[in-house]
Every structure is written in structure tokens, then in C-alpha cells.
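Let me begin by presenting the structure, written as C-alpha cells, before commenting on it.
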Amino acid sequence: MATTALPGRGYLEDDTPTVWSWVKAWLLTVDHKRIAILYLLSINFFFLLGGLAATVVRIELVTPQGDLLSSDLYNRAFTLHGIIMVFFFLIPVIPAVLGNFLVPLMIGARDLAFPRLNLLSWYLYMAGGIFALSAAVFGGVDTGWTFYTPFSSTYANSNVILTIAGAFIMGFSSIATGLNFIVTIHTMRAPGMTWFRLPLFIWASYATSLIIVLATPVVGITLLLLAIERLWGVGIFDPALGGDPVLFQHLFWFYSHPAVYIMILPGFGVISELIATFSRRRIFGYEFIAFSSMAIALLGFLVWGHHMFVSSQSVYAGLVFSFITMLVAIPSAIKVFNWTATLYKGSISYRTPMLYALGFIGLFVIGGLTGIFLGVVAIDIHVTDTYFVVAHFHYVMVGGTIMAYLGGLHFWWPKMTGRMYNEVWGGISALVIFVGFNMTFFPQFVLGYLGMPRRYHVYPQEFQVLHVLSSSGATVLAIGFIVPIIYLMFSLWKGKPAGNNPWEATGLEWQVSSPPPTHNFTRIPVVTSEAYAFPPEAAERDAASWRPGSPL
Amino acid sequence: MATTTQTTSAHHGDHGHAAHGPELQHHFETPAQQKEAATLGMWAFLVTEVMLFGGIFLAYAVYRWAFPDVWAEAAHHLNTPLGTVNTVVLLVSSLTVALAVNAAEHGRRTRLLQLLGVTLVLGVAFLGIKAFEYSEKFAHCAGYKTPIAWATGGELLGEQECLVPGRAFAFPAEHGAATEEHASTNKTPHQLFYLLYFIATGLHAVHMLIGLTIVSILTFLAWRGFFTPTYFTPVEIGGLYWHLIDVVWVFLFPLFYLVH
Amino acid sequence: MATSKHDTPGDAHGHQEPAHYDGHAHGHISVATYYRVFGALMLLMFLTVGAWWLEGVVAIPRLLGVIVALTIASTKTLLIVLFFMHIKVSSRMSQLYAAASLVGLLMLFIVIMGDYFARGWPPQLGPLP
Ligand code: HEM
Ligand SMILES: [Cu+2]
């Protein structure tokens with residue numbers, strides 16, 4: 001039988017005669033790359049919505065009085081912000097957009113193992129999103145994204161059920177993605193693609209998927225139990241029956257602490273790719289980075305009680321949780337050290353993705369270290385439910401996950417679209433985001449330490465300076481997020497054609513055309529070298545092609 | 001073996017591979033790879049199912065630990081004989097499913113159909129018995145002795161008893177206890193037991209319904225002669241799902257029906 | 001030609017699947033075994049109901065009753081998983097995932113029940129010193 005490799009056509013091209021068939025070709029696609037694009041559009045839409053809610057919150061906080069929103073509306077605004085950002089943006093964003101696009105390409109497969117399940121996951125995501133948004137339309141929710149009982153059960157006066165239905169459905173969407181990644185990475189690697197030749201993004205995605213599969217069902221059943229309590233009027237978290245509301249917190253955080261690693265681990269994976277590529281070096285301590293992802297995935301399951309230090313959890317449990325929280329910082333630190341060691345004597349080029357990567361390292365270090373503060377019971381009791389916690393998790397979630405996402409998006413944008421974005425604007429907006437971010441959230445550490453509680457719409461006069469600083473930082477940050485939308489869209493028709501490998505990166509995804517053909521590889525590649533085998537002359541070539549003013 | 005790669009076709013059905021059966025999807029290289037993917041995928045999915053039920057079992061453990069006496073009292077009002085029958089029904093169905101996979105593997109279509117058919121009957125029987133147990137509880141709330149009496153307006157229940165959680169919940173006082181305690185027994189941990197009972201068995205019943213749907217589809221496909229000794233993966237992974245439902249029941253049964 | 005990879009991180013000399021299809025690459029469970037397993041399951045079921053009945057007649061510590069019931073249920077599960085669900089002859093990865101659900105449950109139970117134990121449960125017991 002002869003090999004008849006038909007010429008590959010870019011996955012973005014269609015030969016659909018009518019608009020309707022074009023719509024169908026997109027909405028019923030099973031191509032992982034197209035699904036990634038569907039996710040890209042919808043997730044970014046949710047990001048903008050969540051940003052809108054945040055804008056409202058920040059505007060309200062400019063003055064100490066509640067002049068824009070009532071306390072009730074304010075509660076609904078920050079809850080909407082939290083729910084959209086956590087469940088519909090941060091958790092799915094990197095796996096569903098970058099992961100969907102890249103996992104098969106990076107391991108040399110034609111698609112994910114279950115393409116139709118993959119499409120289903122997008123529909124579930126949309127369904128969950130519609131539920132959550134409809135709750136907002138019908139008056140909103142005021143429980144905070146954590147849905148603590150009995151706020152959300154006995155004393156709830158808002159659309160708790162619609163919202164948790166949204167989060168519940170969304171959970172199945174991430175389970176579908178995680179399951180697909182696990183199976184794909186196990187069974188569909190190209191010949192020669194051994195575990196230790198996998199790009200680190202794959203390791204990170206695998207660890208993330210493991211967390212998704214083990215933790216998400218628990219929050220699913222927890223939300224279900226909560227919905228039953230709300231619907232039925234009696235429930236198992238109801239103290240009137242002898243039930244324990246703190247059990248809800250246990251079950252919730254059993255998922256939601258691992259969920260913060262669902263957010264950050266794929267980000268770690270992206271950063272490893274960026275750092276290696278733009279330093280032109282084999283990543284330092286590949287195995288350590290790979291295994292630290294797995295260690296985080298496992299240890300991450302044993303620390304959730306650090307969210308419950310003041311919840312009436314036992315002091316002994318608090319001690320143990322505090323200790324394991326310290327332990328889990330070790331693998332995180334290993335990654336940071338290995339990245340910096342990779343930079344050392346690397347041939348560094350400050351392209352936009354690299355700016356994001358460097359920004360990530362700085363911000364994640366601050367976020368992680370303040371996490372350690374919070375992991376110390378004594379400090380945590382002082383700053384529980386203050387802006388210190390808010391600043392901590394924004395440093396890791398925005399400074400970590402979003403920076404990684406944007407860095408990865410810029411890095412793989414040429415691959416996804418076939419076009420280069422404008423490097424100057426890219427660099428500028430990366431810097432604007434970095435500055436705006438720090439302006440927004442650094443003051444919040446101070447605020448929190450001075451005693452400003454979270455989730456209040458009025459505050460004492462003395463905090464106003466810091467709040468105004470934070471709100472003006474948020475304005476800068478918002479500009480930084482909007483500018484990329486403009487120049488990335490613009491690049492679609494004015495951008496330079498990217499070529500197969502604009503960054504001269506290693507990795508199988510760079511060996512196919514940009515945008516990749518529908519089935520990725522006309523011939524399944526055979527892998528013979530490790531992941532970051534940059535030829536020694538790569539750095540020299542970089543240096544030779546440097547011109548004054550060029551972003552290298 | 002050479003590979004024909006059709007990079008233009010987005011469909012699974014119409015590809016020109018001649019070296020293997022039509023069931024090999026385009027993105028897999030070999031049938032063995034496809035089968036391993038399906039099996040591993042199912043197992044990973046079963047992990048999520050275990051964790052899903054795990055949450056309920058955890059709540060059960062927490063409350064049984066707190067209220068052992070309540071648990072013993074409350075469990076006595078469940079219908080243990082029917083629960084036992086249901087356990088037998090499910091265990092037999094697990095056997096028939098295991099045998100069905102075996103029959104599919106050996107290409108014995110009639111036997112496969114028979115075994116799947118028996119499984120369907122057993123599954124429906126299980127749900128029927130479960131439904132009877134539920135309706136018994138609801139009939140008691142309505143004041144009748146049995147579901148049939150409830151439907152026909154027959155014999156009334158002597159004492160006040162309602163084991164369905166909710167506002168009407170009333171746990172009958174133990175014999176010899178003061179009768180005026182009736183009202184105050186409403187908000188007690190007994191409700192927790194029955195909440196967990198209804199939630200756990202209800203969720204299990206939902207899984208049974210899904211399982212029955214899967215087995216029906218498998219039966220239909222087997223009837224159409226879809227499975228061959230080289231391709232019966234759907235039967236196998238469908239069977240895995242069925243067995244998991246069985247495993248869940250294996251725990252639910254002693255935890256709810258066999259409590260002292 | 002391309003062969004698929006099934007090896008786990010640890011097993012470098014992993015069993016390479018033959019490229020051609022082999023209906024049961026990992027071994028086989030016979031019908032006779034299924035019947036024997038089923039017999040054992042039935043036996044265990046009567047044991048657990050019998051133990052429950054016995055507890056109603058003679059005074060046995062409650063904890064012991066729970067342990068017996070759970071041991072029997074776990075044994076039944078083990079039998080079903082090993083034989084009916086073919087884990088005994090499955091690929092190493094499926095075996096690992098089957099075990100993963102146990103690990104997940106253990107994490108959930110040990111940590112949360114540990115907290116209840118230390119916090120004092122039921123509440124009127126009060127916390128540990
Ligand atoms: C270096 C590792 C980290 C440590 C030691 C750590 C520690 C902590 C601690 C102790 C708290 C509880 C504070 C309190 O409520 O009083 C906390 C809260 C939080 N952390 Fe982290 N954290 C780490 C990394 C992360 C990462 C990577 C993320 C997300 C990407 C994250 C997201 C959050 C969130 C969302 C909360 C607040 C939840 C809420 O109450 O709404 N953390 N962290
Ligand atoms: Cu945490």
C-alpha cells in the first residue's frame with residue numbers, strides 16, 4: 001500500500017458553500033484545534049464579563065461610602081466577579097485553550113483520544129456559563145464564590161441554585177478535558193516520544209488533569225448536596241438537624257484548593273516552554289520540573305485546611321495543614337529556581353512572551369511567598385478575610401495564571417493563526433499589565449495588613465488613599481488587557497505570515513505548518529531527541545541577527 | 001504497513017483504511033491503541049464516579065459517627081428483605097454482564113443478546129423494587145399503609161410516620177416512649193439518615209438508569225451485528241460502568257440496610 | 001511503522017503492544033472463574049446479612065459489626081474489580097487508575113475524619129486537649 005499523503009490544508013480553511021454549513025463546520029467540529037478556538041472566544045468573553053464586574057467593584061471602592069452600590073448589590077457584584085473568573089475563566093483557560101490546541105500537536109498525535117467528548121466539553125462549558133449568567137440576570141448571587149453554608153442554604157436570598165448548577169455543569173466540562181488529556185498523553189504519543197522527552201507543558205497538563213479527575217467530582221457532589229438543601233428546605237449541612245456546616249467547607253476546599261493548582265500548573269508548563277525557548281537553553285533540571293508538577297498535584301490534595309484555620313476546625317488539623325502547606329511550597333520553589341538557573345548564561349531575547357514569563361516569575365514569587373505567610377496559622381488568624389488574602393490570590397491568579405496565559409497566547413499565536421502580532425505593541429502592553437497589576441494589588445497587601453476586611457463596600461476614611469491607588473491601578477490594568485485584544489485581532493489580516501517556526505523553538509508543534517493542517521501530521525513523526533535540544537549555534541544566530549532596536 | 005493519511009477529511013466514518021476494520025478512528029494508529037485508550041478512559045471516568053459517591057459516603061461516615069444510636073433506630077424502618085433481594089439482583093446482573101463481555105469476545109451473538117437481555121430485565125427489576133421501597137415511604141407520609149392502599153384508598157397507617165425528609169418528616173416514637181414526643185422528633189438527626197438514604201440511593205438509581213440506557217444501546221448494536229471478536233470494546237467498557245454501579249450498591253446495602 | 005506506546009513512566013522495558021490486533025493482549029479470565037467469583041459474592045452477601053441478623057440476637061460491639069460489614073463489602077468489591085472488571089489482566093495504567101480512586105478516597109476520608117476526631121465529634125465530646 002502506497003503512502004498517499006494528501007496535501008494538508010490549514011485547519012482554519014473551509015470549503016463550505018453556505019453560511020449555515022460554515023457554522024456547522026465550526027459548531028460541530030471535532031478537531032481539537034477548532035475546539036480550542038471556540039474555547040478561546042468564549043473564555044475570553046467570560047473574562048471580559050468578569051472584568052466588567054471587577055470594574056464595578058473597584059469603582060465602588062474609590063470612596064469610603066457606599067455611593068454607587070448598596071451593600072446587597074456590592075455582594076452580588078463581587079460574587080459574580082469571583083464565580084466567573086474562577087469557574088469560567090481561570091480553571092478552564094489554559095487547559096481548554098492552549099492545552100486543547102497543543103497537547104496533540106506536542107506529542108505527535110492527530111487529535112485528542114476522544115474528539116467528540118472534547119466537543120461535548122465545550123458545550124457543557126457554554127451550558128454552565130449560561131446557567132451562571134442567567135442567575136446574574138435574575139438578580140444575582142451574594143454568597144461569594146465559596147458558597148459557604150448556611151449563607152447559601154438556610155439564609156440565602158438569591159439565585160444560589162442556578163449558579164451552582166452552572167458551576168456543577170462546568171465541572172463536567174473540565175472533567176471531560178482532563179480525562180481526554182490523560183488518555184491522550186498515555187496512549188497517543190508518537191514513536192520515540194518517551195516520558196522524559198515530553199515538553200514540560202505536557203507534564204504540567206498531565207498533572208492538572210489528574211487533579212481535575214480526582215477533585216472535581218467532590219465539588220460536584222458537594223454542590224449537589226447544597227442544591228438539595230436549598231430546594232428541599234432540609235439538608236445535610238443544616239445544624240438544626242445535627243448537621244455540620246463546616247463539613248461543607250471541608251468538601252468544598254477539598255476541591256477548591258487543588259483547583260488553584262488546576263489554575264497555576266498549566267501556567268507553570270507554559271512558562272517552562274517560554275523560558276527555554278527564549279533563553280535558547282535546555283531547561284535546567286528537566287526531571288525536577290516534571291516531577292515537581294506531580295508532587296504539587298499530590299501534595300496539593302492535603303493542604304486545603306489552610307482555608308479553614310478560623311472555621312472551628314481542630315487546632316491539630318490546623319497544625320498539620322499548616323505544615324503540609326509549607327511542604328507544598330517546595331516543589332513550587334524548585335520550579336522558580338530551575339527557571340532562573342535556565343536563564344543564567346542563556347541567550348535571552350526579550351520578546352513579548354518572554355516579558356510575560358519574566359513578569360510571571362516575579363509576581364508568582366510574591367504571591368507564593370505571601371501564601372506561605374498565610375499558611376502560618378498565627379499570621380493567618382490576623383489577616384483572615386482581609387485584603388491581604390485578596391492580594392495573595394490575585395498575585396498568583398492574575399500575576400500567575402493570566403500572565404502565563406497571555407504569554408502562551410502570544411507565543412503560540414503565530415502557530416494558531418499563522419500570523420505575527422505587532423511586537424512593539426506586545427511589549428508595551430506586557431509592561432502596562434505588569435505595572436498596572438502591581439499598582440492594583442500591592443496596595444491591597446498593605447490594606448489587608450492594616451485590617452481592611454474583604455467583601456465590604458464601605459470602609460474607614462483612612463484606607464481611602466490605598467483604595468484609590470488600587471482602583472487607578474485597575475484602570476491601567478484594564479488598558480493593558482484591552483490593547484492586546486486590538487492588536488491581536490488586527491494581526492489576523494495585517495500580520496506578517498509567521499512561517500512554521502518563527503521563534504526557532506523546538507517541539508513538534510513547530511514542525512508543522514502555521515496554522516497546522518487539519519489532522520496535524522501527514523506522517524506521524526518519530527522523535528529522537530529530548531524536548532529542549534537547542535543547537536549550540538542557535539544562540540549565535542540570535543546574536544548575529546540582532547539589530548539596534550530589535551527586540552532581541 | 002504503510003499509512004494512508006487523509007488530512008482533508010474531518011469525518012470519522014469515511015476514511016480509506018483498508019488494513020483494518022471500519023471501527024478504527026482516523027486519529028488512532030492501531031486498534032490496540034484505540035482499545036487501550038477507551039479502557040483507560042473508562043477507568044479514569046470511574047475514578048470520578050468513585051469520588052462523586054465518595055463525598056456522600058464521607059458525609060455518611062461523619063454523621064453515623066456522631067449519631068450511632070439514631071442510625072440504628074432509623075435503619076430499622078428500611079425494608080431489609082427487599083434490600084437483600086435487590087443486592088442479589090444486582091450481583092446476578094453483574095455476572096450476566098461479565099458473561100456478556102465474554103460472549104462478545106468469542107463472537108457468540110445469540111448468547112450476547114440473551115445475556116444483555118437478562119441484564120436489562122434485572123436492571124429494571126432492581127429499579128422496580130427500589131421504586132416500591134420509595135413509594136412505601138411516601139405512602140406512609142400520606143397516611144396509608146402500603147403504596148397500593150394509597151392508590152386505592154385502602155388501609156390507613158395506624159401511627160403517624162413520615163420518613164421522607166422535609167417539613168412533614170415524623171419519626172415514629174420508639175415503643176414505650178412518650179407519645180407527645182412526636183412533634184419534637186421532626187428536627188432530629190433521623191432526618192439526616194433518611195436524607196442520606198434518599199440522596200445516595202437516588203443518585204445510584206440515576207446511575208442505574210444511565211446503565212440501562214447503555215445496555216439497551218449495546219443490545220441494539222449487538223442485534224445489528226455490530227460487534228466482532230476483534231471489536232467489542234463498547235461492550236467491555238459499558239460492562240465496566242455496570243460493574244461500578246454494582247460496587248456502589250455493595251457498599252450502600254450494608255451501610256443503610258444492615259445497621260444496628 | 002509507528003507503534004503505540006503504553007509504557008508507564010517506570011517501566012522502560014515495558015511490554016510493547018504488537019502492531020496487529022490481538023483480541024486479548026493482556027490475558028484472559030475464563031467463564032468458570034466468573035461463576036466461581038459469583039458464588040463467592042453470593043456467599044459473602046449471605047455472610048453479611050447473617051452477621052447483621054446475629055447482631056440483632058447477641059450483643060456484639062457496634063464497631064465490630066461495622067468492621068465486619070465493611071470488610072465483607074470491600075472483599076466483594078475487590079472480587080468484582082479484579083475479575084469482573086478485568087483489572088487482574090488489564091494494562092498497568094488501568095490498574096494504576098483503579099488504585100488511584102482508592103488513594104483519592106483515602107485522602108478524603110483520613111484527613112476529614114482526622115479533623116473530626118481531633119475537634120471532638122459529636123460536638124458535645126469537646127476537642128482533644
Ligand atoms: C506557594 C503556594 C501557596 C500557598 C502556601 C498558599 C497559601 C494560601 C493560604 C494559607 C490561603 C488562605 C488564606 C485565608 O483564607 O486566610 C490562601 C488563599 C488563597 N489562595 Fe493561596 N497559596 C499558594 C498558592 C496559590 C496559588 C498558586 C493560587 C491560585 C492560582 C492560590 C489561590 C488562592 C485563593 C483563590 C485563595 C483564597 C480563597 C478565598 O478565600 O476566597 N494560592 N492561599
Ligand atoms: Cu489553598
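Chain letters run A, B, ... following the sequence lines, proteins first and then strands; every chain starts at 1.
The heavy-atom pair separating B:W43 from C:A98 by the smallest distance is CZ3-CB, 3.6 Å. When all heavy atoms of C:F109 and B:A61 are compared, the pair lying nearest together is CE2-CB, 3.9 Å. The heavy-atom pair separating B:H260 from C:G56 by the smallest distance is NE2-N, 3.3 Å. Of all heavy-atom pairs between C:P122 and B:W65, the closest is CD-O, 4.3 Å. Between C:T48 and B:P254, the shortest heavy-atom distance links the atoms OG1-CB, 4.5 Å. Residues B:M51 and C:S101 come closest through the heavy atom pair SD-O, 4.2 Å.
Residues of residues 79-86 of chain C lying within less than 4.5 angstrom of chain B, judged on heavy atoms, are C:I80, C:V81, C:F84, C:M85, C:H86 in numerical order. Contacts of residues 110-119 of chain C with chain B at a heavy-atom distance below 4.5 Å involve C:I112, C:M113, C:Y116, C:F117, listed in sequence order.
No side-chain heavy atom of B:F57 sits less than 4.5 Å from a side-chain heavy atom of C:L108. Side-chain contact between C:S94 and B:M42: absent, with no pair of heavy atoms (C-beta onward) separated by less than 4.5 Å. Between C:K76 and B:T87 the shortest side-chain heavy-atom distance falls below 4.5 Å. Here the side chains of B:Y257 and C:W52 are not in contact, with every heavy-atom distance at 4.5 Å or above.
Of the listed residues C:W53, C:Y35, C:F46, C:F38, the one with more heavy-atom pairs under 4.5 angstrom with chain B than any other is C:F38. Your options are B:L244, B:L255, B:V92, B:T48, and the one with the most heavy-atom pairs under 4.5 Å with chain C is B:V92. The candidate with the highest count of non-hydrogen atom pairs below 4.5 Å against chain C, out of B:D69, B:L46, B:T39, is B:D69.
A distance of 11.0 Å separates OG of C:S91 from NZ of B:K35, quoted to the nearest 0.5 Å. Going from atom OG1 of C:T33 over to atom CG of B:N102 covers 9.5 Å, rounded to the nearest 0.5 Å.
Of the atoms belonging to B:V259, it is backbone heavy atoms, and not side-chain ones, that fall under 4.5 Å from chain C. For C:L125, no part sits under 4.5 Å from any heavy atom of chain B, backbone or side chain. Of the two parts of B:E49, neither the backbone nor the side chain holds a non-hydrogen atom closer than 4.5 Å to a non-hydrogen atom of chain C. Interface remark: B:F253 contributes side-chain atoms only to the contact with chain C (heavy atom separation under 4.5 Å). For C:V37, no part lies near chain B; criterion is any non-hydrogen pair under 4.5 Å. The contact between B:L258 and chain C is made by backbone and side chain atoms together, counting heavy-atom distances below 4.5 Å.
When atom types are taken as modelled, the side chain of C:W121 and the backbone of B:V62 share a donor-acceptor pair closer than 3.5 angstrom.
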